[in-house]
2 protein chains.
Amino acid sequence: MKISTKGRYALRVMVDLASREEGVYTPLRDVAERQGVTVKYLEQIIPLLHRAGYLKSFRGNAGGYRLSKAPANYTVGDILRTAEGSLAPIACLDAEENDCERREICCTLPFWTGLNKVINDYVDGVTLADLLEDWKAHSGDRYAI
Amino acid sequence: MKISTKGRYALRVMVDLASREEGVYTPLRDVAERQGVTVKYLEQIIPLLHRAGYLKSFRGNAGGYRLSKAPANYTVGDILRTAEGSLAPIACLDAEENDCERREICCTLPFWTGLNKVINDYVDGVTLADLLEDWKAHSGDRYAI
DNA sequence: CTATCATACCACTGGAATAGTAGGAATACA
DNA sequence: TGTATTCCTACTATTCCAGTGGTATGATAG
């Protein structure tokens, strides 16, 4: 039950951008270098966040991306669900998929529902600002994304 | 982030067997029929549970599988980890994989560690007996696996 | 004692999803 | 005109998932 690279990198990109000065555009090249990922692969992940309205972009020379809102206004849950599609541990819990005919007699469904709630409660309770703060505190002055 | 059919079916097989009379061997054919899965596919999943010592088998005519212990002695976490390999949401958290060089400076690792704990605490807090009991209560007399 | 049947057990395969790579067009600015 | 960027589309290698065909084993009927 793994989160794919889409979700993992998306979160790291968001934290990276959250750590930059507010309002300035950061080129993907810089993010990719700091995060140890290729620009080309990030270019495939960023649009998911962009289309969701989480990022503003600027093309051309000296362009790049920046957050649309302050870091405290993004929950990690929103970011992961945007990149991954859904965090539900089984398809039966996704809105489009709950047509399973065993639904009423399934002996494991209540368990999965509980797991789903535990996961979503956790990820929705953490914001980008929380991540950034904890991590600055942990790294002291010499923090670097 | 989905649990695969291995984990899902493994859990259903265990609950199914837990609902049978204690000590008797139940053929996979019966389990497969009740669960709406092919025998062939279950035959691929069962060995994982068998090798872990969770099940006892008996070959030949009138053979089958039964639980090794009482239902209350199996946590859902143990069953899922046996079938799935690991429930960690990212590979960095698996014992064999924590050689990532970004480990000390990773801004998201604490978040993933927390998610891992939330997930494992939940699944380790539920036993087969719990599932069976809740589900009998929910279905009344006419429960059927 | 032998044939038969029901069962657990083992090995293999096709297809889908993941994780990238690559080329190039559009855009903004100097 | 040149350069640095976002943006779009296609391609590929690999791994994982789901499912199938065939073999070994044990009980039992004749």
Just the rounded figure in Å: distance from [atom2] of [N] to [atom1] of [X].
X       : N      : atom1 : atom2 : value
B:Lys6  : D:dG19 : NZ    : C1'   : 11 Å
A:Leu49 : D:dC7  : CG    : P     : 12 Å
B:Ile45 : D:dC17 : CD1   : C1'   : 10 Å
B:Leu42 : D:dA18 : CG    : C1'   : 12 Å
A:Leu28 : D:dC8  : CG    : C1'   : 14 Å
B:Lys2  : D:dC16 : NZ    : C1'   : 16 Å
B:Tyr9  : D:dC17 : OH    : P     : 13 Å
B:Tyr25 : D:dA27 : OH    : P     : 11 Å

inquiry  = Does D:dG19 have OP1 or OP2 under 4.0 Å away from a side-chain N or O of B:Tyr41?
reply    = no
remark   = The answer to which of A:Ile3 and B:Tyr65 contacts DNA chain C further toward the 5' end, by nearest nucleotide, is B:Tyr65
inquiry  = Assuming nearest nucleotide by heavy-atom distance, tell me which of A:Thr5 and B:Arg59 is located more 5' along DNA chain C.
reply    = B:Arg59
ask   = From D:dG21, D:dT6, D:dG19, pick the nucleotide closest to the side chain of B:Glu43?
value = D:dG21
message = Given D:dG26, D:dG22, D:dT5, identify the nucleotide with an atom nearest to the side chain of B:Lys40.
response = D:dG22
inquiry  = Rounded to the nearest 0.5 Å, what separates atom CD in B:Glu22 from atom CG in B:Leu67?
reply    =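 Going from CD on B:Glu22 over to CG on B:Leu67, the span is 8.0 Å.
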ask   = Between A:Pro47 and A:Asn61, which has a closest nucleotide on DNA chain D that is more 5'?
value = A:Asn61
query = Going 5' to 3' on DNA chain C, which nucleotide is the first and which the last to come under 4.0 Å of a heavy atom in chain A?
reply =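 Extent of the interface on DNA chain C: C:dA19 to C:dC29.
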query = In the hydrophobic cluster built from side-chain contacts under 4.5 Å, what are the other members alongside A:Val24?
reply =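 Other cluster members: none.
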request  = Verify whether one side chain among B:Asp16 and B:Ser19 offers a donor that lies under 3.5 Å from an acceptor in the other.
outcome  =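 No pair is found: no donor N or O on one side chain lies under 3.5 Å from an acceptor on the other.
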ask   = Would you say the ring centroid of A:Phe111 lies under 6.0 angstrom from that of B:Tyr122?
value = yes
ask   = Between B:Tyr54 and B:Tyr74, is the ring centre distance below 6.0 Å?
value =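 Between B:Tyr74 and B:Tyr54, which both carry aromatic rings, the centre distance is below 6.0 Å.
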message = Ignoring hydrogens, what is the shortest heavy-atom contact between B:Cys92 and B:Leu109? Give both atom names and the distance.
response =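 Smallest heavy-atom distance, with atoms named: CB-CD1, 4.5 Å.
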query = Angle class for the A:Tyr9/A:Tyr41 ring planes (parallel below 30°, perpendicular above 60°, tilted otherwise)?
reply =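 Taking A:Tyr41 first and then A:Tyr9, their aromatic rings stand perpendicular (interplane angle over 60°).
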